[in-house]
Amino acid sequence: QLKLVESGGGLVQPGGSLRLSCTASGFTFSNYGMTWYRQAPGKERDMVAAIGLDDNLVYYEESVNGRFTISRDNAKNTAYLRMDGLKPEDTAVYYCMTHLGGSDHWGQGTQVTVSS
């Protein structure tokens, strides 16, 4: 029943911007924090940003701090990741995750490619 669906990925040039969305269903979205992860080819899946129950509690991995912004709209059951100043090293599959019922729950991922 629980479902997370990422969207908004694509191919952008270095310095460009994208906004990723994670739309949730099957649980009370407003009661749970949300986390964005990414996984580059040949690399482990790493946390990028996290948000608590509202926009006042956020965390960013150092390499994206100042360039990425995580937010949520509880009325739309959606978490966002706005990415500005994209770099080639940001290329990865981006996933959203929530921890609920003793388990991590993941979306299917959306590909972000930063290249000239």
Side-chain angles (χ1 to χ4, degrees):
Q1 190 73 16
L2 192 159
K3 187 176 181 181
L4 302 172
V5 179
E6 302 95 335
S7 62
L11 173 64
V12 296
Q13 297 182 34
S17 298
L18 286 172
R19 189 181 74 163
L20 308 183
S21 297
C22 173
T23 300
S25 60
F27 66 102
T28 304
F29 178 76
S30 61
N31 288 347
Y32 295 90
M34 298 295 297
T35 307
W36 285 98
Y37 284 75
R38 66 186 180 187
Q39 187 167 24
K43 303 291 183 64
E44 292 191 358
R45 189 173 298 186
D46 291 326
M47 183 185 297
V48 176
I51 188 166
L53 301 187
D54 59 42
D55 293 348
N56 294 319
L57 294 173
V58 297
Y59 163 84
Y60 299 99
E61 192 272 327
E62 184 63 26
S63 69
V64 308
N65 193 28
R67 298 188 296 122
F68 290 12
T69 304
I70 189 170
S71 62
R72 65 189 297 156
D73 186 340
N74 289 339
K76 296 182 177 180
N77 285 356
T78 301
Y80 303 96
L81 186 68
R82 190 180 76 234
M83 306 182 295
D84 298 311
L86 284 162
K87 304 175 180 180
E89 51 262 45
D90 296 319
T91 295
V93 178
Y94 284 71
Y95 301 88
C96 63
M97 184 275 286
T98 190
H99 189 79
L100 186 155
S103 299
D104 294 336
H105 299 272
W106 300 88
Q108 83 290 343
T110 185
Q111 176 72 48
V112 173
T113 302
V114 185
S115 176
S116 299

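None of the values given here were measured: they were computed from a predicted structure.
- Arg72 and Asn74 form a side-chain donor-acceptor contact under 3.5 Å, judged by distance and modelled atom types alone.
- Here Arg38 contributes atom CZ and Glu89 contributes atom CD; the two are 8.0 Å apart, rounded to the nearest 0.5 Å.
- There is a side-chain donor-acceptor pair under 3.5 Å between Asp84 and Ser17.
- Hydrophobic clustering (side-chain heavy atoms under 4.5 Å, transitive across Ile, Leu, Val, Met, Phe, Trp, Tyr) keeps Val5 apart from Leu2.
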- Query: What do the steps show when you test Thr98 against Leu4 for side chain to side chain contact (heavy atoms under 4.5 Å, CB included), and what is the final call?
  - Reply: CA-CA 9 Å; Thr98 190; Leu4 302 172; 4.1 Å; yes
- Before giving the answer on side chain to side chain contact (heavy atoms under 4.5 Å, CB included), spell out for Arg67 and Asp90 the whole-Å C-alpha distance, their side-chain angles and the decisive distance to 0.1 Å. CA-CA 11 Å; Arg67 298 188 296 122; Asp90 296 319; 2.7 Å; yes
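- Side-chain contact between Ser71 and Arg82 is absent, with no heavy atoms from C-beta onward closer than 4.5 Å.
- Counting heavy atoms from C-beta outward, Trp36 and Glu6 have side chains that approach closer than 4.5 Å.
- Residues Ser115 and Pro88 form no side-chain contact, since every pair of their non-hydrogen atoms from C-beta on lies 4.5 Å or further apart.
- Atoms CG and OG, from Asp73 and Ser21 in turn, are 10.0 Å apart once rounded to the nearest 0.5 Å.
- In this structure, CE in Met83 is found 11.0 Å from OG1 in Thr69, a value given to the nearest 0.5 Å.
- Across all their heavy atoms, Ser116 and Pro14 have their closest contact at OG-CD, 3.6 Å.
- Between the Gln39 side chain and the Lys43 main chain, a donor and an acceptor come within less than 3.5 Å of each other.
- Atom CG in Leu100 sits 12.0 Å away from atom CZ in Phe29 (nearest 0.5 Å).
- We find the CD-OG distance between Gln108 and Ser7 to be 8.0 Å, quoted to the nearest 0.5 Å.
- Under the 4.5 Å side-chain criterion, counting only non-hydrogen atoms from C-beta, Thr35 is in contact with Met47.
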- Task: Decide side chain to side chain contact (heavy atoms under 4.5 Å, CB included) for Tyr80 and Arg19; before the verdict, give the C-alpha distance in whole Å, the side-chain angles of both, and the deciding distance to 0.1 Å.
- Result: CA-CA 7 Å; Tyr80 303 96; Arg19 189 181 74 163; 3.8 Å; yes
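- Going from atom CD1 of Ile70 over to atom SG of Cys96 covers 9.5 Å, rounded to the nearest 0.5 Å.
- In this structure the side chain of Ser25 never reaches within 4.5 angstrom of the side chain of Asn77, judged on heavy atoms.
- Each of Ile51 and Met97 belongs to its own hydrophobic cluster when Ile, Leu, Val, Met, Phe, Trp and Tyr are linked at side-chain heavy-atom distances under 4.5 angstrom.
- Cation-pi geometry between Arg45 and Tyr95 is met: the NZ or CZ atom falls under 6.0 Å from the ring centre, inside 45° of the normal.
- The closest side-chain heavy-atom distance from Tyr60 to Val48 is not below 4.5 Å.
- By the 30° and 60° cut-offs, the orientation of the rings of Tyr94 relative to Phe68 is tilted.
- At a cut-off of 3.5 Å, with distance as the only test, a side-chain donor of Gln111 or Thr113 sits close to an acceptor on the other residue.
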- Pair Val112-Leu18, side chain to side chain contact (heavy atoms under 4.5 Å, CB included): steps then yes or no: CA-CA 9 Å; Val112 173; Leu18 286 172; 3.9 Å; yes
